[in-house]
Amino acid sequence: MWNAIRSVIACCFLLFVGVGSALPASAEDLGDVIDREAKAIEGQMIEWRRDIHQHPELGNREVRTSALVAEHLKKLGYEVREKVAKTGVVGILNGGKPGPVVALRADMDALPVTEEVDLPFASKVKAMWNGNETGVMHACGHDAHVAILMAAAEVIAKQRSELPGTVKLLFQPAEEGLPIGEEGGAQLMLKEGAFDSPTPEAVFGLHVSSRLPTGVVSFRAGAVMAGSNTFRITVKGRQTHGAEPWRGVDPIVIGAQIVLALQTIQSRQVDVTSEPSVLTIGVFNAGNRQNIIPDKAEMQGTLRTFDEGVRHFIMRRVTETAEAVAKSGGAEAEVEWRATGYIPVVNNIALTQRMAPTLKRVADKLIEAPRVTGSEDFSFFARQVPGLFFFVGVTAPDTPPFKAAPNHSPRFRIDEAGLIVGLRAILHVTFDYLSRAGH
Ligand SMILES: [Zn+2]
Ligand SMILES: [Zn+2]
């Protein structure tokens, strides 16, 4: 009996020693050091964010932003690759201790949105987007992402001797989609070797969110953001006088029938208990005078899905439905799917479970994210290696998140007190991942 108890005590002791050696006191201290360093760089990070906010650049045009990033990384001793996927920057830092490679990603592009926020550093920038002049604004918070990763780069470089492995930073252009006819974004970065020599074992990214109060972090295992596919439908009818529709084929009435018919695919043909999906027609162009029935109508839309099977099914039914409805009215419909869709962001389940305690430690409050029908091309990085993409609250505590202007709004406004939460989260995730790898 006593022997048994003694051996239990011995085991506990060994276990204790074992845990102690896997996570030595210095590893705990490192967490405190990271927090101190994060606090020390907070002011500089906010300055970077304001500077980038005031000088936003559209996708594949992030020349100033990427120069700022590259210069910063070079000063810190990173091996820097520039012009990856046009304006992308890859920075590599080998730590003083052996360990795996982890990739951290920030997107750099702004949106063709004219800023309506009253801030001293509000954007007044204008640029051409697909042939039209437009205001340019960091309306999705990518300015914050760049500033956070620049600050993380500096804290990591300062702890280089303690870093057990290699950190690869990915500053990515053109997340928000591409000017017509151009290639870019995460897919082009991968094509141009962003994940080669060295290949990361895991990839992490974050997005600031207006839907969460400052201090809150949210994440979800599995599919968290939708895949998106874009399409165009052209209905070819036959022109006639608006007073004599029987002499032609009206593409507007047929187009309107198609818009409604497409809404019945998800509601009537997909098992609603399995996977959600959204189909939206956002463009409907036809005609130029009230009493002329035109030759054709053109529609453009987007499909959001979380599952490959559902995506393929709905894409097929959109084409079949548009063609059949057009035929019923004596017209023809041509459906074109753009080749450049985004796949869903799928957080690796094991990786997500592994990093959840870290996020919990950093956030004031950690919650499970609902699925988001928005898309993100972080998905392509997370398809190559296990990935985790999480959300960081940037809505000031005095504003209810449902009243805050959402990402992409001209009134999108970041509470900068949320930035340090993102910085600490990405730093702790990185060091915890690298420290615990192999144990
Ligand atoms: Zn966006
Ligand atoms: Zn975004």
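In each ligand, atom 1 is the first atom listed, and ligand 1 is the first ligand listed.
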For this session: Using a cut-off of strictly less than 2.8 Å, determine whether E176 has an N/O/S atom near the Zn ion (ligand 1).
Result: yes
Under 4.0 Å between a Lys/Arg side-chain N and an Asp/Glu carboxylate O for [X] and [Y]?
X    : Y    : answer
K86  : E192 : no
E115 : R411 : no
E323 : K327 : no

For this session: Calculate the angle formed at the Zn ion (ligand 2) by NE2 in H142 and SG in C140; 10° precision is enough.
Result: 100°
Scan the side chains in residues 142-152 for donor-acceptor partners under 3.5 Å anywhere in the protein, sequence neighbours excluded, and list what turns up.
from : atom 1 : to   : atom 2 : distance (Å)
H142 : ND1    : D109 : O      : 3.0
H142 : ND1    : D109 : OD1    : 3.1
H142 : NE2    : D107 : OD2    : 3.2
H142 : NE2    : E176 : OE2    : 3.4
D143 : OD2    : R49  : NE     : 3.0
D143 : OD2    : R49  : NH2    : 3.3
D143 : OD2    : H53  : ND1    : 2.7
H145 : ND1    : D107 : OD1    : 2.7
H145 : NE2    : V208 : N      : 3.0

Problem set entry | Contact check: H145 to the Zn ion (ligand 2), N/O/S below 2.8 Å | no
